[in-house]
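Computed from heavy atoms alone, side chains included, the values below leave out hydrogens, waters and symmetry copies. Bear in mind that the values here come from a model prediction, so they are computed numbers and not experimental data.
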Amino acid sequence: MILTAALASLATAAAPPAPASAPLSATQVLQFLGQTIDWYHGLTLQQQIATTPTDLATLYDNRQAAAQSVRLAFEFARAEAGFIVDTTSANPAQGAVLSQYQSLSQLQARFDKQVQDTQAELESDRQKLATAAAKDHQQLQSQISELQGELDLAGARRDAVHSMLDFLTDSSTNGLGASGLRAQIEALARAVPGMAQAPASAGGASAPATPAAANTAAAAVPAKKTETSGIWNLTADAFALEAKIHSIDGLIQQTDALAATANKLRAPYVAELKALSVRGDTLGKQADSANSSTLQDERAQLDELAGQFKRLAAAVIPLSKQAVLLQLYSKSLDNWKDAVRVDLRADLRSLALRVGSLTVVLVIVIAGAELWRRAVYRYVSDPRRRYQFLLMRRFVFWLMLAVILAFSFASSVGSIVTFAGLITAGVAVAMQGVIVAIVGYFFLIGKFGIRVGDRVQIGGVTGEVIDVGLVRFHLMELGGGSGADGPTGRVVAFSNSIVFQTGAGLFKQIHGTNFVWHEITLTLAAQADYADVKKRLLAAVDSALADFQEEIERQTQEIARTVISTPVGRLHPKVQLRLTAAGTEAVIRYPVDLKNAADIDERVAREVMQALEQDPKVQLAGGADIRIDAAPAGDTKS
């Protein structure tokens, strides 16, 4: 049978004439394809760094050029795979596989032609049958039936050869034979989207990327931020543009390396094409003087040269086209790099301007703060007022510094306001007590506030201020009610928010004063001359306070300077007489300097006793004694 003979011929068929050896090996072709695919993957990096409309336009153009370059590389590889032979003789079995592959390829081509010719003849007879006379119908029917049988047999033979050819193609994947090289080329093509199809047309044109793919790529690229006025954003953009320039440099180097590889691969082909051209010109000149027999030989040589030239041109033309595309691709990257450099220079100029402006503003603010400090020390002599002005200066300085830095580094006022609002709301809820205490601090340092060294009374605690902080203040507790007994050795802390508490009163002495009112209560006999008694008691108290009168006058003047709107009388003793069931009660009130409270009380008691002893008519009521107490709060007026 014909099919059996065809299959048996696989083992015995003579190898066809070997084609001209290829300048490249299969390994070189596969390495070139791998380098091209790696270069093609650089589009992913370009898509990541494209942030402006100009970048997107460049990315779109590069995508077209890259896709076409990869198609040309596969076109070159597929053309070369059909002519590569095994140049190594280390494994003879591989040469046998290649010989069988080539024999089956030729046999399949012959069977394909036979099927086509039989099909054409069958169609022709069917057309004749439609218009033939009745006497010719039987003969045409017989011919059609015979042709149909031949067509079925040829199709079966073709399918059998095709099955064996597919088996050899799939089995030879070691890359050393033509069939193995083709399999690996197609495997690489399937790894690159859009490349697993027939080679490009002879013109080298390739289908452009679809609009949907371009739109998808454009949508995947984030839009460039429009607000970059802040120092922070300008700095970040500068670093991003610098990184983009480095990325583009890497892409340019990769493109130049691929172009160098392509030129290196093309060089042997170009040299061989030049040699074929020289040989063809020589044969053409010889044909002018040759005889008929020589002309036939030269015609055969010219036909062989033409075949070799076509084969080499099929490989070198895609490489030449790819070289042009790579040059355009590299130029596009250079233009993109130049555009990014322009943006970088603009960002650096803006950044320098912003930093310079910030520096000038900071210098002005620092100079203003220094002038404020010098003016306070020069024109404010009161230490308390000076401290208040310096504290205000500190708050104003840091507040202005924070606002200036916020507006300089932020990109928009809206973001600052939103952030500040959220922070303020959170702080107000979480630190309500602390905020109230901080606000109370400014009340405490006011004109009638407290300072270190002041004597204050809060609830049942009397003490001397030893520290006033931003959140709380501390007292050194004093004993004896009015504090006349001195320190108790304990420190009491109060929150500054106490100034807003209605149930807790804060009593303090005016700064520069340090006195309290004491009183002595006497119960006199009924026969006393009360006018003379009052006069004698006042004289005794004045005599006891004579040594402290100067200090009392000073403190009186201090009160007058502090309380300008209310007239202040002298701090002098007073004697009031009241009638009681036991007799006449005399109440003596006198100011006492707390530093000398015990000495003053002793002197007053001694002088009062002496005054009573000098007049026998003035006597204490039976069982009565002298009692010295601090004057009740709110009853200390002079």
> What pairs of residues pass the ring-ring contact (aromatic ring centres under 6.0 Å, His included) test when at least one of them lies in residues 235-260, not counting sequence neighbours?
Replying inline: none
Student check: side-chain heavy atoms of [X] and [Y] closer than 4.5 Å:
{"X": "Trp336", "Y": "Thr54", "answer": "no"}
{"X": "Thr36", "Y": "Gln322", "answer": "yes"}
{"X": "Ser69", "Y": "Trp39", "answer": "yes"}
{"X": "Ile248", "Y": "Asp334", "answer": "no"}

Let me confirm one number: the [atom1]-[atom2] distance from [X] to [Y], rounded to the nearest 0.5 Å.
{"X": "Thr235", "Y": "Leu351", "atom1": "OG1", "atom2": "CG", "result": "4.5 Å"}
{"X": "Leu348", "Y": "Glu242", "atom1": "CG", "atom2": "CD", "result": "8.5 Å"}
{"X": "Leu45", "Y": "Ser247", "atom1": "CG", "atom2": "OG", "result": "4.5 Å"}
{"X": "Leu325", "Y": "Ser332", "atom1": "CG", "atom2": "OG", "result": "12.0 Å"}

> Checking side chain to side chain contact (heavy atoms under 4.5 Å, CB included) for the pair Tyr329/Leu258: CA distance, chi angles, key distance, verdict?
Replying inline: CA-CA 11 Å; Tyr329 191 91; Leu258 180 61; over 6 Å; no
With sequence neighbours excluded, what pairs up with [X] under the salt bridge (Lys or Arg N to Asp or Glu O under 4.0 Å) test?
{"X": "Glu123", "result": "Arg126"}
{"X": "Asp117", "result": "Lys113"}
{"X": "Asp152", "result": "none"}

> Would you find a donor on one side and an acceptor on the other, under 3.5 Å apart, between the side chain of Ser145 and the backbone of Gln141?
Replying inline: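 Here the side-chain-to-backbone pair does not exist.
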>> Does anything in residues 35-62 form a salt bridge (Lys or Arg N to Asp or Glu O under 4.0 Å)? List the pairs, not counting sequence neighbours.
In response: Asp55-Lys244
>> I'd like to check the side-chain contact (heavy atoms from CB on, under 4.5 Å) partners of Asp159; sequence neighbours left out, ordered by chain and number.
In response: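 For Asp159 there are no side-chain contact (heavy atoms from CB on, under 4.5 Å) partners, ignoring immediate neighbours.
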